[in-house]
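This report concerns only the one structure given below.
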Amino acid sequence: MAYVITDDCVACGSCISECPQDAISEGDIYSIDPNKCIDCGSCASVCPQEAIHEA
Ligand code: SF4
């Protein structure tokens, strides 16, 4: 299991510093590396767009 970032992402950057695994990559829409994500939910809790969900 990993969290995923949906099209609702506005690339605000709020989530990146919250990830203990350094699993989140920047881009037009941010993405989460499923091989690094440990399903902690830290990123989802800070997203102002509620764009991060469990896969
Ligand atoms: Fe990182 Fe946790 Fe979000 Fe996975 S759920 S991308 S480990 S902050």
Side-chain angles (χ1 to χ4, degrees):
M1 279 289 269
Y3 275 68
V4 294
I5 301 178
T6 70
D7 289 351
D8 291 332
C9 174
V10 294
C12 70
S14 300
C15 56
I16 283 195
S17 62
E18 299 299 320
C19 181
Q21 294 292 105
D22 200 23
I24 303 174
S25 302
E26 293 180 67
D28 292 338
I29 293 175
Y30 287 21
S31 62
I32 295 172
D33 182 339
N35 295 315
K36 290 183 178 176
C37 178
I38 57 170
D39 213 24
C40 74
S42 299
C43 53
S45 66
V46 299
C47 180
Q49 293 292 110
E50 297 185 1
I52 307 177
H53 303 277
E54 283 185 274

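Remember, it's 1-based here, ligands and their atoms both numbered in the order they're listed.
Apart from Ile24 itself, the hydrophobic cluster it occupies contains Tyr3, Ile5, Ile16, Ile29, Tyr30, Ile32, Ile52, where clustering links Ile, Leu, Val, Met, Phe, Trp and Tyr at side-chain heavy-atom distances under 4.5 Å.
Contact record, Glu18 with Ser42: O-CB, 3.7 Å, taken as the closest heavy-atom pair. Minimum heavy-atom separation, Cys43 to Cys15: CB-CB, 3.8 Å.
For the atom pair CD of Gln21 and CD1 of Ile38, the computed distance is 4.0 Å after rounding to the nearest 0.5 Å.
Neighbouring protein atoms of atom 3 (Fe) of ligand 1 (N, O or S, distance under 2.8 Å, waters ignored): Cys43 SG.
By the side-chain contact (heavy atoms from CB on, under 4.5 Å) test, Glu50 is found to be paired with no residue, residues two or more places apart in sequence or in another chain being considered. With sequence neighbours excluded, no residue forms a side-chain contact (heavy atoms from CB on, under 4.5 Å) with Ser45.
Looking at atom 7 (S) of ligand 1, its nearest protein heavy atom turns out to be Ile38 N, 3.4 Å.
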